[in-house]
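All remarks here apply to the structure that follows.
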Amino acid sequence: SSLSSLVSLQIDSPFFYTSDHRLFWLQNMSRNPEVLWAQRSDKVYLTVALPDAKEISVTCEPQGLFSFSALGVQSKRFEFSLEFFGKIVPEYRKNVGLRNIIFSIQKEERSWWPRLLKSEAKPAPYIKVDWNIWCDEDEEVDSSDGESEFADEDCESSDDDGLLYLPDLEKARRSK
């Protein structure tokens with residue numbers, strides 16, 4: 001078989017070839033979900049955008065390592081690992097919704113981190129700031145802001161978890 005016929009397998013195929021012509025099967029490779037982050041002086045919030053996540057596995061280590069793995073749609077593996085800027089308390093709170101998983105991770109020391117990760121390099125493109133819950137250091141209010149999402153240690157999802165609040169739709173829903 002010629003090289004051109006091998007290259008043609010790459011298009012719409014679960015296989016690909018490396019530059020030294022080794023064959024890989026994409027199905028076994030993991031993907032990175034979009035990860036949104038925000039912080040308070042005492043916590044880091046991570047929102048993992050992964051609809052219908054199953055078999056969620058999380059490792060949270062005191063030196064600041066956080067690893068996530070889950071199966072998404074069509075049983076595709078999604079995973080990522082982060083080395084946070086500072087140390088954390090190894091326990092975390094998790095809220096699993098229909099479209100995402102939200103984590104609240106306690107910092108070991110109350111302080112504002114200059115960035116999420118220990119590395120000064122630009123973060124991977126799937127890691128983004130969560131502007132919906134972002135709070136500047138000088139705007140932080142000493143309250144349980146955002147904690148209503150974490151009523152239980154391991155909340156299971158309800159039908160409304162992960163959905164945007166749209167007042168007009170709520171009005172229409174009540175009038176039925």
- Query: Are Leu98 and Leu71 in one and the same hydrophobic cluster, where Ile, Leu, Val, Met, Phe, Trp and Tyr link if side-chain heavy atoms are under 4.5 Å apart?
  - Reply: no
- Query: Residues in salt bridge (Lys or Arg N to Asp or Glu O under 4.0 Å) with Lys87, at least two apart?
  - Reply: none
Return a table of donor-acceptor pairs under 3.5 angstrom between the side chains of residues 113-125 and protein atoms on other chains or two or more places apart.
unit_1	atom_1	unit_2	atom_2	d
Arg115	NE	Leu117	O	3.1
Arg115	NE	Ser119	O	3.3
Arg115	NH2	Lys118	O	3.2
Ser119	OG	Ala121	N	3.1

- Mind checking the CG-OH spacing from Asp130 to Tyr45? Nearest 0.5 Å is all I need. 11.0 Å
- Message: What I'd like to find out is whether the side chain of Phe68 reaches to under 4.5 Å of the side chain of Leu46, using heavy atoms alone.
- Response: no
- Task: Determine whether Leu36 and Lys128 make a side-chain contact, defined as any pair of heavy atoms from C-beta on separated by less than 4.5 Å.
- Result: yes
- Message: Once side-chain contact (heavy atoms from CB on, under 4.5 Å) is applied, do any residues pair with Glu109, and if so which ones, sequence neighbours excluded?
- Response: none
- Message: Grouping I, L, V, M, F, W and Y whenever their side-chain heavy atoms are under 4.5 Å apart, do Leu65 and Ile88 come out in a common cluster?
- Response: no
Please table the atom pairs, donor to acceptor, closer than 3.5 Å between any side-chain atom in residues 47-59 and protein atoms at least two apart or in another chain.
unit_1	atom_1	unit_2	atom_2	d
Lys54	NZ	Asp52	O	3.4

- Query: At what distance, to the nearest 0.5 angstrom, does NZ of Lys94 lie from OG of Ser104?
  - Reply: 13.5 Å
- Query: Cluster question for you: counting only ILVMFWY and a side-chain heavy-atom cut-off of under 4.5 Å, with indirect links fine, are Tyr126 and Ile101 together?
  - Reply: yes
- Results of ring-ring contact (aromatic ring centres under 6.0 Å, His included) for Trp134 - residues two or more places apart only: Trp37, Trp131
- Query: Of all residues at least two apart in sequence or in a different chain, which pass the side chain to side chain donor-acceptor pair (under 3.5 Å) check with Gln106?
  - Reply: none
- Main-chain N/O of Ser41 paired to Glu140 side chain as donor or acceptor, under 3.5 Å: yes
Per-pair distances, 0.1 Å, donor-acceptor, side chain in residues 79-86, under 3.5 Å, sequence neighbours excluded:
unit_1	atom_1	unit_2	atom_2	d
Glu79	OE2	Ser30	OG	3.0
Ser81	OG	Ser67	OG	3.0

- Query: Looking at CD1 of Ile105 and CZ of Arg93, how far apart are the two atoms once the value is rounded to the nearest 0.5 Å?
  - Reply: 12.5 Å
- For residues 60-73, the salt bridge (Lys or Arg N to Asp or Glu O under 4.0 Å) pairs (sequence neighbours left out) are none
- Query: How long is the gap from CZ on Arg40 to CZ on Arg110, to the nearest 0.5 Å?
  - Reply: 11.0 Å
